[in-house]
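In what follows, every chain begins at residue 1, and chains take the letters A, B, ... in the order their sequences are listed.
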Amino acid sequence: MRAPLSWLGEFAAELPRDAGRLADACNGIGLIVDAIDEPGREIEGVIVARILDVVAHPNADKLRLAEVDFGTGTTRVVCGAPNIEAGQLVPFAPSGASLPGGFRLERRTIRGEVSDGMLCSARELGLGDDHGGIVQLAADAELGADVRIVLGLDDLVLELEITPNRPDAMSIVGIARDLAAHFRIPFTIPLVAPSTRGPGVGGRATVSIEAPDRCPRYVGWTADVVVGPSPAWLARRLTMAGMRPINNVVDVTNYVMLERGQPLHAFDLARLPGRGIVVRLAGAGEGLTTLDGVERQLTVDDLLICDGHSKPTAVAGIMGGADSEVVDSTTELLLEAAFFSAPGIGLTSKRLGLRTDASARFERGVDPAGTLDAAARAMALLEIVASGSAGSDPLDAHPVPAERARVVVRTSRVNAVLGTALSTDEIVGRLEPLGIECLESSDPDVRTAVVPTFRPDIEREIDLIEEVGRHHGFNNITRTVPRPAGTSGGLTRAQQERRLVRHALTGVGASEAFTSSLVARIDLERCGFSSDGAVELENPLRAEESCLRTAVLPGLVRAVGYNASHGQPNVALFELGHVFGPPSAATAPLPDEREHVACVLAGLLRQRPHADDRPVDVHDATAALASVLDTLEIADVRIEAGPGPGLHPARSAAVVVDGAAVGWVGEVDPEVAARFGGGPIVGFECDLDRLLASRRRSRQFQPVSVFPASSIDLAFVVDDSVPARSVEDALRAGGGALVESIALFDAFRSEAVGAGNVSLAFSIWFRAPDRTLTDQDVAGLRQGAIDAVLAATGARLRG
Amino acid sequence: MDLADALSRLDVELTRAQAEVPQAADLDGLAGCERTLLGRRAVVTDVHEQIKTFPPVDRPALGKAVGAFKQVVTALVEQRRTELADVERTLRLTRDAVDLTLPPRGRPRGHLHLVTQVQQELEDVFVGLGFRVAEGPEVETDFYNFEALNMPQAHPARSMWDTLYVKLGQPEEVLLRTHTSPVQIRVMQDQRPPIATVMPGRCYRRDTLDARHSPVFHQIEGLVVDRGITFGDLAGTIEAFTRAYFGDGRTARLRPSFFPFTEPSAEFEVTCFMCAGSGCGVCSRTGWLELGGCGMVDPNVFAAVGYDPEEYSGFAFGFGLERMAMTRYGVDHIKAFWDNDLRFLEQF
């Protein structure tokens with residue numbers, strides 16, 4: 001909303017003129033200032049002068065010499081404009097004056113003739129693009145007067161952002177009222193009324209409301225007019241407010257809408273069949289071509305303005321139709337000033353995708369009691385600018401009268417919410433300038449506020465408290481810090497552990513990525529994941545964001561591809577994020593939403609100059625996984641070979657925690673990796689919720705034995721399919737409670753161990769808590785361990 | 001050889017030892033010196049062997065002189081030996097020199113995402129102010145995202161958010177949360193006041209990606225509910241957070257605004273961290289940076305969770321994490337947070 005200060009000043013004459021003060025005031029009451037325009041800010045010293053005489057320039061065909069009188073003297077300037085004549089009043093920029101663009105005038109000689117300044121075109125004054133001639137000033141302008149004042153360029157325009165709860169502030173009057181209350185200066189709306197010399201409206205037109213709940217009031221007013229261009233002041237004011245002048249009738253409707261917040265519409269009465277208005281809901285399948293030339297399909301929820309034969313001629317409150325609009329030949333018009341209920345206009349506007357200055361006001365709520373005043377204001381203006389003669393006895397169809405809301409406001413409650421110590425009088429003093437009447441009651445703490453109809457946002461006590469706060473000043477309220485008793489701040493264990501997981505993964509060299517939760521099915525499928533069960537969006541903006549991710553890994557693999565395509569094939573990334581599956585019984589209708597942790601490592605591991613670089617392999621992935629599992633001190637983890645989604649079937653394994661699979665680790669399927677840069681990609685993905693809920697290692701103290709350990713080395717030949725971990729498990733089981741630790745120190749394949757076999761060599765340390773183990777003890781333990789391995793895995797002991 | 005001769009021979013030898021031993025170039029040379037001065041054919045050995053040929057009256061003096069000679073020379077030799085050993089050790093270690101400016105072994109440490117860093121810093125600031133941290137689902141029902149937040153069906157304020165709906169449940173029942181505010185409702189349902197909680201998380205809007213908007217983004221939101229909580233408490237908390245996060249001397253100001261779930265509602269601005277309020281390019285020369293929205297919890301929100309608005313009052317505030325990170329670190333396009341380009345991630 002653009003509000004010229006001069007216009008505001010018609011209602012609040014004592015407003016300050018200082019841009020900074022105005023901006024602070026507006027921001028302080030919630031009319032957020034986007035910008036302040038000061039069109040005349042760069043003009044200085046340009047004054048009104050009368051052209052006394054014009055003679056040809058002796059040395060130039062297209063230039064002339066003008067003798068001008070600027071009130072306190074006369075001088076001569078060279079001028080190239082074709083439109084100057086003796087007797088005209090024009091803007092004169094003498095030497096020393098400044099024009100927009102930082103241009104400063106000096107006395108100079110042009111083709112041998114001295115010019116003491118210049119006469120100005122509209123463009124030179126920053127008034128527009130017109131550079132065809134010198135601006136002609138009104139005949140009553142005083143010689144020597146500042147042209148900024150004469151042309152209204154001393155004005156400034158507040159460009160305000162109006163929040164949706166303040167329909168009243170979508171008008172000059174409403175903004176002026178709020179600012180007047182803020183500055184505690186008088187606010188008045190001058191009474192205006194047309195002289196109603198025209199024939200009675202009742203004899204020329206009819207109004208019939210068939211949907212009174214959607215249109216509780218409709219003022220119809222006829223007038224005879226002469227359509228033409230608007231006078232300069234009206235056109236300039238609309239331009240400053242951001243609207244384009246069209247003709248005097250349309251301009252008046254826009255002017256009053258801006259001033260009063262009441263949208264108006266002028267119909268060409270001669271082109272309104274039946275010379276009447278019917279307000280009704282659209283029938284199924286009904287349509288209408290609106291002013292913008294678009295054919296609109298309507299539904300039974302859309303409100304229509306129809307002609308006297310009930311044929312649609314406007315979408316109520318949103319846009320008129322082409323058939324009945326005011327044109328140059330219009331001589332009699334029917335002016336509409338109606339109140340339409342807000343939600344209906346909002347829904348139709350949203351459905352049609354059609355938002356206009358009118359609909360923006362109606363959908364927020366205009367003043368149901370302001371229709372007749374706005375129409376009268378328009379008629380009075382039409383008398384001035386369009387030779388209008390308004391009809392007497394305007395039709396005011398008013399089936400549902402508007403009532404002023406009555407809301408109780410307690411001084412104690414105001415202070416309890418705001419943290420202030422205002423008296424009842426102070427509260428009343430804040431509310432009454434806003435047009436809110438405060439009635440006394442038997443309880444001194446309580447007032448009954450009678451809310452004006454132009455403030456539909458005020459329905460409850462809290463709404464009044466907001467008004468008090470706004471006009472007291474949010475920044476004038478003493479700041480305190482609450483100390484809610486019995487609470488203590490902190491992170492939960494899960495929140496702390498999520499941080500630990502992140503740090504574990506940065507510790508292994510991975511950086512944290514954020515990948516989108518919105519994906520296309522193809523994104524999952526290209527990474528070897530099934531898209532079955534992926535939750536779909538109802539109204540995606542783009543196909544690439546049409547369903548919710550079921551796993552994090554595909555996003556990370558894509559991020560590897562992004563980096564590879566930017567010359568960075570060696571990447572380690574991780575992400576903690578939510579994934580979504582079909583609803584479970586416990587979550588319906590919401591999807592099964594879980595937090596996952598995933599990590600990928602790709603390309604080469606840089607080891608130079610210490611060792612050769614090598615491609616990442618699955619053991620890097622298990623190392624990264626182990627750092628997470630160890631950080632969390634998870635007690636029962638097993639890695640069980642098996643093909644994981646998107647992973648190399650022979651190089652992947654399930655991560656089994658507390659006996660249940662919680663994720664996968666391994667090498668990304670080479671075919672998938674080939675699509676994203678080509679190098680090997682390894683990684684893991686686990687259900688973080690389940691990791692955080694898992695059983696943890698005991699933190700109970702175990703005494704440290706003071707007796708020495710005995711160690712033995714054993715090597716077994718086993719079939720390739722036997723996981724090393726199962727050999728280790730058998731050793732531990734067979735060795736019994738005295739096994740302190742087991743380390744696999746060699747794993748190799750060779751002809752000696754036979755094709756399809758692998759040799760696994762372990763060191764085992766035994767230690768007793770209460771004695772030194774004898775050779776005999778150790779021999780027994782050794783045999784037990786061997787026997788267990790042979791029995792469990794079919795291994796052969798190497799000699 | 002009389003006593004004087006013998007003593008003189010030892011003196012000459014001592015002078016020689018004092019000259020030669022400190023000059024021994026290496027351990028082998030020193031061993032040679034030691035042999036010459038103290039060995040079987042050394043002068044002192046000869047004198048020592050001949051003591052018995054001297055008159056008894058001279059023997060103690062000579063014996064003493066021999067002993068003294070041996071002690072002094074042995075000390076000289078030992079001193080030189082230590083010196084030479086030091087030199088040798090130094091030489092040996094110098095040969096073992098390693099260039100510690102070579103790149104370290106292993107992967108360099110990774111980096112937390114900038115938004116995570118901002119989120120954790122903010123969580124820590126609020127924990128310091130006595131807050132807890134809560135999370136909620138990213139896919140929500142209409143009830144939590146809109147209805148309980150004082151936006152019943154067809155409420156015009158719903159159009160403030162372009163919502164992505166999910167094909168689950170009734171039409172337009174299940175959606176991607178457009179803000180973290182649904183977590184407020186869940187927190188109030190799960191516990192009774194006093195409540196002081198911040199709620200970070202991922203949010204979604206039906207937005208086209210541009211420099212400052214992304215369909216997926218993060219917010220953090222705070223909620224305080226208790227008896228007697230006032231707007232002054234809200235302003236004081238915003239101020240305390242501003243000081244704790246941006247530093248002493250920084251302040252905040254509030255200006256009225258509108259949100260359906262708070263009343264009174266405000267936008268809050270903080271002193272520009274770049275220019276400390278004097279005006280610069282970051283703050284468009286205003287000295288202030290717009291950070292987020294806040295307000296007193298609307299009584300209708302309390303009604304939706306079964307709190308009596310006459311008994312409890314509270315406030316809420318929230319802002320965008322990407323926006324905060326962009327402003328604070330000068331990131332010029334929100335896309336940088338989602339590309340996962342190592343050249344970006346590794347800057348922070």
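Contact count against chain A (heavy-atom pairs under 4.5 Å) is highest for B:Asp124 among B:Asp207, B:Asp124, B:Leu234, B:Thr208. Put simply, of A:Gly473, A:Cys547, A:Pro164, the one with the most heavy-atom pairs under 4.5 Å next to chain B is A:Pro164. Most heavy-atom pairs under 4.5 Å with chain B, from the set A:Ala559, A:Gly469, A:Pro591: that is A:Pro591. Considering only heavy-atom pairs separated by less than 4.5 Å from chain B, the leading option among A:Lys350, A:Arg608, A:Glu512 is A:Glu512. Contact count versus chain B (heavy atoms, under 4.5 Å) is highest, among A:Gly346, A:Gly490, A:Gly419, A:Pro609, for A:Gly490. Interface summary for chain B: among A:Thr587, A:Thr492, A:Val481, A:Asp457, the most heavy-atom pairs under 4.5 angstrom belong to A:Val481. Top candidate by heavy-atom pairs under 4.5 Å with chain A, chosen from B:Leu168, B:Val174, B:Leu129, B:Asp162, is B:Leu168. In terms of heavy-atom pairs under 4.5 Å with chain B, the best-connected choice from A:Gln607, A:Arg413, A:Glu461 is A:Arg413. Interface summary for chain A: among B:Thr197, B:Leu102, B:Val115, the most heavy-atom pairs under 4.5 angstrom belong to B:Val115. Looking only at heavy-atom pairs under 4.5 Å with chain A, the residue among B:Val139, B:Leu345, B:Thr237 that has the most is B:Val139.
Listed in order of number, the residues of residues 533-540 of chain A that approach chain B to under 4.5 Å between heavy atoms are A:Val535, A:Glu536, A:Leu537, A:Glu538, A:Asn539, A:Pro540.
Heavy-atom distances place the side chain of A:Ile32, and not its backbone, under 4.5 Å from chain B. Contacts of B:Pro137 with chain A are made by both backbone and side-chain atoms, with heavy-atom separations under 4.5 Å. With a threshold of 4.5 angstrom between heavy atoms, B:Pro200 does not approach chain A through any atom at all. Using a 4.5 Å cut-off between heavy atoms, B:Asn300 contacts chain A through both its backbone and its side chain. For A:Leu548, the part lying near chain B is the side chain, with the backbone staying farther off; criterion is any non-hydrogen pair under 4.5 Å. For chain B, the nearby part of A:Thr478 is the backbone; its heavy atoms alone come within less than 4.5 Å. Contact of A:Arg498 with chain B is made through the side chain alone, with heavy-atom distances under 4.5 Å. For B:Thr262, no part lies near chain A; criterion is any non-hydrogen pair under 4.5 Å. For a residue to count as touching a neighbouring chain, one of its non-hydrogen atoms must lie under 4.5 Å from one of that chain's; by this rule B:Val216 touches chain A with the side chain only. In this structure, no portion of B:Ile238 lies under 4.5 Å from any heavy atom of chain A. Only the backbone of A:Val508 comes within contact range of chain B, judged by heavy atoms closer than 4.5 Å. Heavy atoms closer than 4.5 Å to chain A are found in the side chain of B:Phe315, but not in its backbone. B:Glu267 does not touch chain A: none of its heavy atoms, backbone or side chain, sits under 4.5 Å away. If you measure heavy-atom distances from B:Thr116 to chain A, the contacts under 4.5 Å come from both the backbone and the side chain. Contact annotation for A:Arg364: neither backbone nor side-chain heavy atoms come within less than 4.5 Å of a heavy atom of chain B. If you measure heavy-atom distances from B:Thr163 to chain A, the contacts under 4.5 Å come from the backbone alone. Using a 4.5 Å cut-off between heavy atoms, A:Glu575 touches chain B through its side chain atoms alone. Residue contact with chain B, scored on non-hydrogen atoms closer than 4.5 Å, involves the backbone of A:Ala416 exclusively. Heavy atoms of A:Glu545 lying under 4.5 Å from chain B belong exclusively to its side chain. Neither the backbone nor the side chain of B:Phe126 comes within contact range of chain A; no heavy atom of the residue lies under 4.5 Å from a heavy atom of that chain. Residue A:Asn476: no heavy atom, backbone or side chain, is found under 4.5 Å from chain B. With a threshold of 4.5 angstrom between heavy atoms, A:Arg542 does not approach chain B through any atom at all.
Here the closest non-hydrogen pair linking B:Arg202 and A:Ser516 is NH1-C, 4.0 Å. Shown here for B:Pro264 and A:Val417, the closest heavy-atom pair between the two residues is CD-CG1, 4.4 Å. Listed here is the closest heavy atom pair of B:Pro256 and A:Arg470: CG-CG, 3.4 Å.
Every residue two or more places apart in sequence or in another chain that forms a ring pair (Phe, Tyr, Trp, His ring centres under 6.0 Å) with A:Phe474 is listed here: B:Phe231. Scanning for ring pair (Phe, Tyr, Trp, His ring centres under 6.0 Å) contacts around A:His566 gives A:Tyr562, with sequence neighbours left out.
Between B:Asn340 atom CG and A:Thr515 atom OG1 the span is 6.5 Å, to the nearest 0.5 Å. Taking CG of A:Leu590 as the start and CD of B:Glu140 as the end, the distance is 6.0 Å to the nearest 0.5 Å. Atom CD of residue B:Gln120 and atom CG of residue A:Leu491 lie 8.5 Å apart, to the nearest 0.5 angstrom. Note that CG of A:Asn475 and CD of B:Glu269 are 9.0 Å apart. Values are rounded to the nearest 0.5 Å. A distance of 7.5 Å separates CG in B:Asp298 from CG in A:Asp463, rounded to the nearest 0.5 Å. For the atom pair CE of B:Met296 and CD of A:Glu466, the computed distance is 11.5 Å after rounding to the nearest 0.5 Å.
For the pair A:Asn165 and B:Phe259, the minimum side-chain heavy-atom distance is 4.5 Å or more. Proximity of B:Thr230 to A:Asn415: side-chain heavy atoms (C-beta onward) are nowhere separated by under 4.5 Å. Considering only heavy atoms from C-beta on, A:Arg499 comes within 4.5 Å of B:Glu123 through its side chain. In this structure the side chain of B:His113 never reaches within 4.5 angstrom of the side chain of A:Arg502, judged on heavy atoms. Taking 4.5 Å as the limit, some side-chain heavy atom of B:Leu164 sits within range of a side-chain heavy atom of A:Leu518. Using a 4.5 Å cut-off on side-chain heavy atoms (C-beta onward), A:Ser488 and B:Arg132 make contact.
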- Yes or no on salt bridge (charged side-chain N to carboxylate O under 4.0 Å, His left out) for B:Arg177 and A:Glu593, after CA distance, side-chain angles and deciding distance? CA-CA 13 Å; B:Arg177 66 178 177 193; A:Glu593 181 172 340; over 6 Å; no
- Is there a side-chain contact (heavy atoms from CB on, under 4.5 Å) between A:Leu573 and B:Leu342 once you walk through the steps? CA-CA 9 Å; A:Leu573 295 170; B:Leu342 282 184; 4.1 Å; yes
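Residue pairs meeting the salt bridge (charged side-chain N to carboxylate O under 4.0 Å, His left out) criterion with at least one member in residues 339-348 of chain B, sequence neighbours excluded, are B:Lys335-B:Asp339, B:Asp341-B:Arg343.
A:Ser511 places no side-chain N or O within 3.5 Å of a backbone atom of B:Gly110 that could act as its donor or acceptor partner. In this structure a side-chain-to-backbone donor-acceptor pair under 3.5 Å is present from B:Arg109 to A:His503.
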